[in-house]
Peer 1: 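Have a look at the structure that comes next, please.
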2 protein chains.
Amino acid sequence: MQAAPAPTRHDQATRLLHQCGATVTPARVRVLQLLLAADAAMSHQSLQQAAAASGHPFDKVTLYRVLDWLTGQGLVHSVAGHDRVRRFSLMNPHHAHAHFECSVCGRLFCLRGSLASAALELPPGFASDRVDITVHGRCAGCTAAATAPRSRGKDPGV
Amino acid sequence: MQAAPAPTRHDQATRLLHQCGATVTPARVRVLQLLLAADAAMSHQSLQQAAAASGHPFDKVTLYRVLDWLTGQGLVHSVAGHDRVRRFSLMNPHHAHAHFECSVCGRLFCLRGSLASAALELPPGFASDRVDITVHGRCAGCTAAATAPRSRGKDPGV
DNA sequence: TGAAAAAATGCAACTCGGTTGCAAAAATGC
DNA sequence: GCATTTTTGCAACCGAGTTGCATTTTTTCA
Ligand SMILES: [Mn+2]
Ligand SMILES: [Mn+2]
Ligand SMILES: [Zn+2]
Ligand SMILES: [Zn+2]
């Protein structure tokens, strides 16, 4: 009696791709797998390293193209950190959501929760489309590391 | 009878530099002059072009270093646009202010006015420092250009 | 089926914003 | 003056992202 196995990340990734009716290619599946497993947004570099570490290195350009495609499909979105590097994460259901960038480790998180749409007054003739909000500060990991001295330091996650 | 001449941008720039008690170098003065005259934030490239056009080309590295220095002094601040290019503008007195990035021409403006502090809930352990807000949409110039057809098109300002 | 068309991949060379190292030239301190 | 610090200039470099083009894979459809 096999208990119904929990869906693997590979399954989840494949399902996401089927849902948007496009070809399920190994590259797309693997990128989605990595993003499903991530707790923070991932840079191109960190994705490439993670893939290489798992024994299936990506071609650089293919990875860029897969990320562009996933973004175009609305499965993934990206934010540029203050280091001008784009970081990618799964599009979460909250249509508009804010981001958090840790000024210590540089990791970037999607925040969930209501963001009070700031009532900003625009100059005459300006039309607003979308508002991006990024909170800067210390993430939980870095706060803990600073509080508990000589603990094992958090790594930047590139 | 000379009427008291209005302070030139050069004067204004020099005064700003004196106020923060640092050496007034020609490069710093010229960068500040350009920023004083700008109606939107300027990229490194546009500053370099503007300087070259006025007959006093900057060395690339010197310009980067002056911008870093001015930013460190708090006289100038920079924002990275969605094209991952930093754009610089004079620090305006409003401590926290939002920005506007035009999705048509790419120009970036500092908005003035109260930005309703969005009540964002952070995950446990996260500490907020500063909140960056960027509004995306069409600037006045681009809206006008779209409305009045075949008008002279606004240039991107790089 | 099995060719033809379309989409995805791999590789090299390239662009471009930004940095680093180091030496020459000003500016500053005494 | 002369030593020390700061600023400038140049060249080489770095890393994120793009482009062109040839090869492979997948899809379409007669
Ligand atoms: Mn997000
Ligand atoms: Mn601003
Ligand atoms: Zn952190
Ligand atoms: Zn515009």
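Chain A is the first sequence line, chain B the second, and so forth, proteins listed ahead of strands; every chain is numbered from 1.
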Peer 1: Quickly work out the B:Phe88 CZ to C:dG18 P distance and round it to whole Å.
Peer 2: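 Between P of C:dG18 and CZ of B:Phe88: 6 Å.
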
Peer 1: Look up atom CG in B:Asp39 and atom CZ in B:Arg107, then write down how far apart they are to the nearest 0.5 Å.
Peer 2: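 Separation between the atoms: 5.0 Å.
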
Peer 1: Using the rule that two of Ile, Leu, Val, Met, Phe, Trp, Tyr join whenever any of their side-chain heavy atoms come within less than 4.5 Å, decide whether B:Leu36 and B:Val24 are in one cluster.
Peer 2: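 Result: yes, single cluster for both.
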
Peer 1: Given side chains that start at C-beta, do those of B:Phe58 and B:His44 come closer than 4.5 Å, heavy atoms only?
Peer 2: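 B:Phe58 does not reach B:His44 side chain to side chain.
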
Peer 1: Would you kindly give the CG-to-P distance between B:Asp68 and D:dT8, to the nearest whole Å?
Peer 2: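 Spelled out: CG on B:Asp68 to P on D:dT8 is 13 Å.
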
Peer 1: Could you work out, with side-chain contact (heavy atoms from CB on, under 4.5 Å) as the rule, every residue matching A:Leu47, not counting sequence neighbours?
Peer 2: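 For A:Leu47, the residues satisfying side-chain contact (heavy atoms from CB on, under 4.5 Å) (neighbours in sequence not counted) are A:Leu34, A:Leu35, A:Met42, A:Leu63, A:Leu67.
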
Peer 1: Take the protein atom CG of B:Leu63 and the nucleotide atom P of C:dG17, then report the distance between them rounded to whole Å.
Peer 2: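 Checked: the CG to P distance equals 12 Å.
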
Peer 1: For B:Arg84 and for B:Val24, locate the closest nucleotide of DNA chain C by heavy-atom distance; then report the residue assigned to the nucleotide nearer the 5' terminus.
Peer 2: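 Residue closer to the 5' terminus by nearest nucleotide: B:Arg84.
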
Peer 1: When you look for runs of 3 or more Watson-Crick or G-U pairs in a row, both distances below 3.5 Å, which of them include DNA chain C?
Peer 2: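 C:1-30 with D:1-30 - these are the stems of 3 or more pairs that involve DNA chain C.
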
Peer 1: Atom pairs, N/O to N/O, protein against nucleotides 2-10 of chain C, distance under 3.5 Å?
Peer 2:
from   : atom 1 : to      : atom 2 : distance (Å)
C:dA8  : OP1    : A:Thr23 : OG1    : 3.2
C:dA8  : OP1    : A:Arg28 : NH1    : 2.9
C:dA8  : OP1    : A:Arg28 : NH2    : 2.4
C:dT9  : OP1    : A:Thr25 : OG1    : 3.0
C:dG10 : OP2    : A:Thr62 : OG1    : 3.1
C:dG10 : N7     : A:Arg65 : NH2    : 3.1
C:dG10 : O6     : A:Arg65 : NH2    : 2.7

Peer 1: Rounded to whole angstrom units, what separation is found between the NE2 atom of A:His18 and the P atom of D:dT26?
Peer 2: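 Rounding to the nearest Å, NE2 of A:His18 and P of D:dT26 are 13 Å apart.
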
Peer 1: Is it the case that the side chains of B:His77 and B:Ser89 hold a donor-acceptor pair, with the cut-off being a distance below 3.5 Å and no angle test?
Peer 2: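 Side-chain D/A pair, B:Ser89 to B:His77: present.
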
Peer 1: Testing the basics here: between B:Leu108 and B:Ala40, what is the closest heavy-atom pair and its distance to 0.1 Å?
Peer 2: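 Heavy-atom minimum between the residues: O-CB, 3.5 Å.
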
Peer 1: Mind calculating the distance between CZ (A:Arg86) and C1' (C:dC16) to the nearest angstrom?
Peer 2: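 Going from A:Arg86 (CZ) to C:dC16 (C1'), I get 14 Å.
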
Peer 1: Can you tell which of C:dT19, C:dG17, D:dG17 lies closest to the side chain of B:Lys60?
Peer 2: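 Per side-chain heavy atoms of B:Lys60, the pick is C:dT19.
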
Peer 1: Figure out the CG/C1' separation between B:Leu70 and D:dT7, and round it to whole Å.
Peer 2: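 Nearest whole value for this atom pair: 13 Å.
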
Peer 1: A:Asp83 CG to D:dA16 C1': how many Å, rounded?
Peer 2: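 Distance, rounded to whole Å: 10 Å.
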
Peer 1: For the pair made of OH in A:Tyr64 and C1' in C:dC16, what is the distance, rounded to whole Å?
Peer 2: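 Nearest whole value for this atom pair: 13 Å.
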
Peer 1: Rounded to the nearest 0.5 Å, what's the gap from CG on A:Leu17 to OG1 on A:Thr25? Could you check?
Peer 2: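 Going from CG on A:Leu17 over to OG1 on A:Thr25, the span is 7.0 Å.
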
Peer 1: Between A:Gln45 and D:dG15, is there a side-chain N or O to OP1/OP2 distance below 4.0 Å?
Peer 2: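 Result: no.
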
Peer 1: Is the closest side-chain donor-acceptor distance between B:Asp68 and B:Thr71 under 3.5 Å?
Peer 2: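 No donor-acceptor contact under 3.5 Å links the two side chains.
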
Peer 1: Report the distance from atom CG of A:Leu122 to atom CZ of B:Phe109, rounding to the nearest 0.5 Å.
Peer 2: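 Atom-to-atom, A:Leu122:CG and B:Phe109:CZ are 11.5 Å apart.
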
